[in-house]
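Let me begin by presenting the structure, written as structure tokens, before commenting on it.
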Amino acid sequence: MLQKIKSLFALLNTAILGKDENFTTGSIDRAIFLLSVPMILEMAMEALFAVVDVFFVSNLGDNNAVATIGLTESVIMLVYSVAIGVSMGATAMVARRVGEKNIDAAKIAAMQSIYIAVAISVVLGITGFMYASDILKMMGATDAIIATGVNYTRWMFGGNISIMLLFLINGIFRGAGNASLAMRSLWLANGLNIVLDPILIFGWGPIPSFGVEGAAIATTIGRSTGVLYQIYHLTRGDGLIKLNTKSLIVDWKIIWRLIKVSAGGTGQFLIASASWIFLVRIISTFGSAALAGYTIGIRVIVFAILPAWGMSNAAATLVGQNLGANQPDRAEKSVWRSAFLTMLFLGFVSIVFFLGADIILGFFKTDEDSLFYGVQCLRIVSIGYIFYAYGMVLGQSFNGAGDTRTPTILNLFAFWMLQIPLAYFLSIQLEMGPAGVFSAIAISESILAIACIIIFKRGKWKTTVI
């Protein structure tokens, strides 16, 4: 027994310290553990950042400030969508090349993905900075909310390149099998953000109080620091993907292939993000208390979802590397095992959230109306967590194989054809209010998971070529 405990801690230490690794041989459970532990810790920090950010802003005692975060985040999710989409393309291609043991090609693919990310972020940054107030107004913000939060929105869009590169380069590290380095990058970025949040929001010594704008400044500084750390390891580190002069060449053929793979991934999240924008727009019709409660509730939900997303990313890496090594059966076995473990985790979280919603959300400084809606959101959405587990893992596994088209179509159906109309019907037509929106989220996500299971079993993803 003692020996097993020692072996477990030794494996945990290996997972946290990390190194680039080929996972096409050996124990699948060991591979899942080594990949998912750092990814879970990475996503746990991302989730903690989301909760801490809104926690400090809620202490300003201004619902308009919290509402600003909700409105801006619903739009900035478009940036996240592009970042995650491009990073999925990079992960899939790098993992495939690593599985084929073609490291030079993996390096070139990594650099081309960085070129794509930089070009997109510049366009998004300039547009978002210039039209920040118009974006908030489009989302239904009142003049008071715009006056409070326009600078927050400007900072978030202007600094989007740090978000874009942080996600993208971590995707490169994951494709190479080094989830630990991706974890450390995000921990540095978000850890610094958490430290700076209270200083810049409330002021400290000679540093003035920036209010909600301070949260955006802290985010930009923290994530930019994380990107610098990533670049150091890409150029000076000793991993498989170490960029050199040869890998800096612009290869339009690979860029185009990456764009095609990434377009599907980006499309998935753009579809989902646009859906969230419509949901926020519906909720905003019920007042700032409902919007603030929704914002807090969703941040807590993200706290649980993102660690599970880490296990999904582990499955994507295993699929990419094993398909590259021409081992489709091992790839499929890895996916089902990852999905089962994720289901156990989210099943436990759903029980905790449903029973302890009042206690959990009670930590946030907000009025009773906002708290009511936040608790309602947490309880209703968490009902579908067991289904979410399979939807997340199987969806990411399609992406890891380079089949980004299938989950894009599934997302289009689940979110635009089902979730949005259902949210409007339940909340407005049946007069359920925000509860109708929360119910639509749980129902559509569960149906999406069932569809993923059915299509994944058909196995066409095994034949994808990238």
Side-chain angles (χ1 to χ4, degrees), residues 73-89 91-92 116 120 124 138-139 167 171 257-283 298 301-302 305 308-309 312-313 315-316 319 335 339 381 384 387-429 436-461 463-464 466:
E73 285 292 315
S74 64
V75 180
I76 208 73
M77 279 301 295
L78 299 176
V79 177
Y80 283 105
S81 299
V82 177
I84 293 172
V86 177
S87 72
M88 284 194 309
T91 297
I116 295 171
I120 295 173
L124 290 175
M138 175 189 69
M139 290 301 299
F167 276 89
R257 286 162 60 191
L258 272 168
I259 289 175
K260 288 197 293 184
V261 175
S262 300
T266 301
Q268 293 167 43
F269 287 92
L270 282 175
I271 289 167
S273 299
S275 172
W276 285 103
I277 290 174
F278 280 107
L279 297 185
V280 170
R281 188 68 182 85
I282 293 172
I283 291 175
I298 285 296
I301 288 167
V302 167
I305 289 293
W309 186 256
S312 302
N313 285 331
V319 167
V335 172
V381 175
F387 286 101
Y388 303 167
Y390 280 89
M392 292 170 66
V393 172
L394 297 182
Q396 274 298 87
S397 298
F398 286 124
N399 292 322
D403 176 16
T404 55
R405 182 174 178 270
T406 296
T408 300
I409 295 173
L410 290 174
N411 280 7
L412 184 63
F413 165 76
F415 297 131
W416 285 12
M417 298 177 67
L418 177 60
Q419 187 180 83
I420 296 172
L422 185 60
Y424 180 83
F425 177 74
L426 294 177
S427 63
I428 306 295
Q429 298 299 115
V437 177
F438 308 148
S439 299
I441 294 172
I443 293 170
S444 60
E445 290 280 3
S446 299
I447 291 176
L448 174 61
I450 294 171
C452 282
I453 292 172
I454 294 171
I455 295 175
F456 185 82
K457 283 186 174 181
R458 295 177 181 174
K460 287 187 64 177
W461 55 273
T463 62
T464 305
I466 59 172

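Taking NZ of Lys460 as the reference point, atom CG of Asp403 lies at 8.5 Å (rounded to 0.5 Å). Distance check: Ile116 CD1 to Ser87 OG gives 12.0 Å after rounding to the nearest 0.5 Å. For the atom pair Phe167 CZ and Thr91 OG1, the distance stands at 12.0 Å (nearest 0.5 Å). Between Leu448 atom CG and Met392 atom CE the span is 11.0 Å, to the nearest 0.5 Å. Interatomic distance, NZ of Lys457 versus CG of Leu394, reported as 10.0 Å (0.5 Å rounding). How far OG of Ser444 is from CZ of Phe413: 9.5 Å, rounded to the nearest 0.5 Å.
Residue pairs meeting the side chain to side chain donor-acceptor pair (under 3.5 Å) criterion with at least one member in residues 388-401, sequence neighbours excluded: Gln268-Asn399, Asn313-Gln396, Gln396-Asn399.
No donor-acceptor contact under 3.5 angstrom links the side chains of Asn411 and Thr408, judged on distance only.
Gly391 approaches Cys452 most closely through the heavy-atom pair O-SG, 4.2 Å. Among all heavy-atom pairs drawn from Lys260 and Thr404, the shortest one is O-OG1, 4.2 Å. The nearest pair of heavy atoms linking Pro407 to Gly395 is CG-O, 4.2 Å. Taking each heavy atom of Val393 and Ala315 in turn, the nearest pair found is CG1-CB, 3.9 Å.
Residues passing the side-chain hydrogen bond (donor to acceptor under 3.5 Å, both in side chains) test with Ser262: none are found, sequence neighbours excluded.
A side-chain contact (heavy atoms from CB on, under 4.5 Å) with Val437 is found for exactly one of Val280, Ile283, Leu426, Ile428, namely Ile283.
Side-chain contact between Trp461 and Thr406: absent, with no pair of heavy atoms (C-beta onward) separated by less than 4.5 Å.
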| message | Between Tyr424 and Ile282, does the side-chain contact (heavy atoms from CB on, under 4.5 Å) criterion hold? Intermediate values first, please. | response | CA-CA 7 Å; Tyr424 180 83; Ile282 293 172; 4.2 Å; yes
| Working for side-chain contact (heavy atoms from CB on, under 4.5 Å), residues Thr464 and Phe398 | CA-CA 9 Å; Thr464 305; Phe398 286 124; over 6 Å; no
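When the shell of 6.0 Å around CZ of Arg405 is examined, it contains 12 or fewer heavy atoms from other residues, nucleotides or ligands. For Phe387, the CZ atom is loosely surrounded, since the number of other residues' heavy atoms within 6.0 Å does not exceed 12.
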